[in-house]
Colleague: 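I'd like to ask some things about the structure below.
Whatever order the structure lists them in is the order used to number ligands and atoms, beginning at 1. Throughout, residue positions are numbered sequentially from 1 according to the sequence presented.
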Amino acid sequence: MIKSPTIIFSHTYKYTKINTISEYYYETVNKSMNDTLIVIDRDATMRSVNKATCDLLEYEEDELIGKDMSLIVQQKDIIDSAEYQTLMSESPIVNKEIDYVTKRGKHIPMLFSAAVLKNKEGKAEGVVCIARDITEQKRADEALRESEKELHYLSSQLLTAQEKERRRLSLELHDELGQSLMVLKLKLRSIREGLPTDHARLEAECDDLIGYINGVTENVRRISRDLSPSILEDLGLSAAIRWLVDAFTEHSNSKCSLDMIEMNDHFPMEGQIIIYRIIQECLTNIAKHAHATMASIIIKKQDDRIFFCVEDNGKGFNTEEAFRKHPGKKGLGLATMYQRARMLGGNLDIWSQEGSGTKITFTVPLAERGYRS
Ligand SMILES: Nc1ncnc2c1ncn2[C@@H]1O[C@H](COP(=O)(O)OP(=O)(O)O)[C@@H](O)[C@H]1O
Ligand SMILES: [Mg+2]
């Protein structure tokens, strides 16, 4: 980053004018600095260019000296530009992105700063311009943006695949294992009923086993439901959220209020599952980490979007620290929440402070991806 180099230069320049020993110093700096340095006079004629300028723009020094600055910047008439006028009236330009144009017409993105150069009487004599070639930085920024896009795409694909796999497993557990357990129980019951009357011990063992199978069946149902909430498909998003809240109140030490519009028709099934997962993670985190006495969920319509807010009065946490943690050491819950909100075309915010509870909000547009309003 260029930190007000123009100001520094302006002092150096003034100094060199009155101190010949420093002229050597100025020349050395001028030749060795990597940034381009151009001094123009009031009418934008180039009076001095350093070596870096000539090297970058592929001109000889004498091809630039005496020429108008518009030769090398895209802007055709610099003097008439509002920015130049403001600059001359003392407002420096700091770190503005502009293009320089080489002798062969190639455009080079530059980070440009400029300040007025004054004489002893304080009268503006010209402008000193310093600029840095930011081609590489731009390329790196673009590559970063591209890889971020790819990462978002991959993680959304991964979440979708995970959801599909969970649903498959859930059905398999429910239909296959659940069915087999049912058959086992019926068989055991018929054995028990066929036992001669004087086999009380065997009868008791059959009863025990039937009770055990009932327990396993209940567990299989619970695991299957946690994997893929069939309530969503059967009764819709609002009922599923009500069910989540009931389960939360039952299994945690907190109460939870729910203020929600009916929204079963607002989102297609994939959207409903994503919203359900975000709220599920919020409630799981409250139960697991918050030590809250009270939680609340608000879901309301705001213009063409639905607004969701999940809040608790628990111990809160340092959000920056949670995200700074080493990838291997931090949970995936919060990061996945962000990704899920993105998948819906919405955005998610987390407010939390140690001792002051946590509030998570996200909005989901109704119009996007064919969601019905
Ligand atoms: N509602 C909350 N109250 C207090 N701390 C929270 C809350 N939600 C998240 N946290 C903190 O943020 C961390 C990261 O959460 P998360 O990404 O869901 O991972 P995990 O739940 O697996 O630890 C948690 O370990 C916890 O310290
Ligand atoms: Mg979590």
Colleague: Give a yes/no verdict on whether any heavy atom in Glu281 is under 4.0 Å from an atom of ligand 1.
Modeller: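 Yes, that is the case, since the closest heavy atom of the residue is under 4.0 Å from the ligand.
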Colleague: Thinking salt bridges, do Arg104 and Glu58 make one under a 4.0 Å N-O criterion?
Modeller: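 A salt bridge links Arg104 with Glu58.
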Colleague: Hey, are Arg145 and Glu148 close enough for a salt bridge, meaning a charged N less than 4.0 Å from a carboxylate O?
Modeller: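 A salt bridge is absent here (no side-chain N lies under 4.0 Å from a carboxylate O).
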Colleague: When rounded to the nearest 0.5 angstrom, what distance separates CD1 in Ile273 from CE in Met343?
Modeller: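 Interatomic distance, Ile273 CD1 to Met343 CE, rounded to 0.5 Å: 10.0 Å.
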Colleague: Which atoms from ligand 1 have a heavy atom of Gly333 less than 4.0 Å away?
Modeller: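 Close to Gly333: 16 (P), 17 (O), 18 (O).
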Colleague: Tell me which protein heavy atom sits closest to atom 5 (N) of ligand 1, plus the residue, atom name and distance to 0.1 Å.
Modeller: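 For atom 5 (N) of ligand 1, the nearest protein heavy atom comes out as Phe317 CD2, 3.3 Å.
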Colleague: Quick check for you: with the Mg ion (ligand 2) as the vertex, what angle do OD1 of Asn285 and OE2 of Glu281 span, to 10°?
Modeller: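 Asn285 OD1 and Glu281 OE2 form an angle of 90° at the Mg ion (ligand 2).
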Colleague: List ligand 1 atoms under 4.0 Å from Thr358, heavy atoms only on the residue side.
Modeller: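 Numbered from 1, ligand 1 contributes 1 (N), 2 (C), 3 (N).
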Colleague: Heavy atoms only: which of Thr284, Ile350, Asn285 is nearest to atom 8 (N) of ligand 1?
Modeller: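 It is Asn285 whose heavy atom sits nearest to atom 8 (N) of ligand 1.
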Colleague: Looking at Arg242 and Glu262, is there a salt bridge between them, counting it only when a charged N and a carboxylate O are closer than 4.0 Å?
Modeller: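 Salt bridge: yes.
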Colleague: Of the protein's non-hydrogen atoms, which lies at the shortest distance from atom 19 (O) of ligand 1, and what is that distance?
Modeller: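 Nearest protein contact, heavy atoms only, for atom 19 (O) of ligand 1 is Gly331 CA, 3.2 Å.
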Colleague: Would you confirm whether Glu63, through its side chain, and Glu60, through its main-chain N or O, come within 3.5 Å as a donor-acceptor pair?
Modeller: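 Pair found, side chain donor or acceptor close to backbone of Glu60.
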Colleague: With under 30° as parallel and over 60° as perpendicular, where do the rings of Tyr100 and Phe112 fit, or are they tilted in between?
Modeller: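 Because their plane-to-plane angle is over 60°, the rings of Tyr100 and Phe112 count as perpendicular.
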Colleague: Are the side chains of Gln280 and Arg277 in contact, using a 4.5 Å heavy-atom criterion?
Modeller: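 Yes, close enough: below the 4.5 Å cut-off.
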Colleague: Would you mind listing which atoms of ligand 1 come within a distance below 4.0 Å of any non-hydrogen atom of Lys288?
Modeller: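 The atoms of ligand 1 under 4.0 Å from a heavy atom of Lys288 are 20 (P), 21 (O), 22 (O).
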Colleague: So, Arg340 and Glu281, do they make that salt bridge, N to O below 4.0 Å?
Modeller: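 Here Arg340 does not pair with Glu281 in a salt bridge, since their nearest N and O are not under 4.0 Å apart.
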Colleague: Using a strict 4.0 Å cut-off to heavy atoms of Asp312, name the atoms of ligand 1 that fall inside it.
Modeller: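 This gives 1 (N) as the contact atoms.
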Colleague: Of all the non-hydrogen atoms in the protein, which one sits nearest to atom 14 (C) of ligand 1, and at what distance?
Modeller: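 Its nearest protein heavy-atom neighbour is Leu334 CD1, 3.8 Å.
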Colleague: What is the nearest protein non-hydrogen atom to atom 24 (C) of ligand 1, stated with its residue, atom name and distance?
Modeller: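 It is His289 NE2, 3.5 Å.
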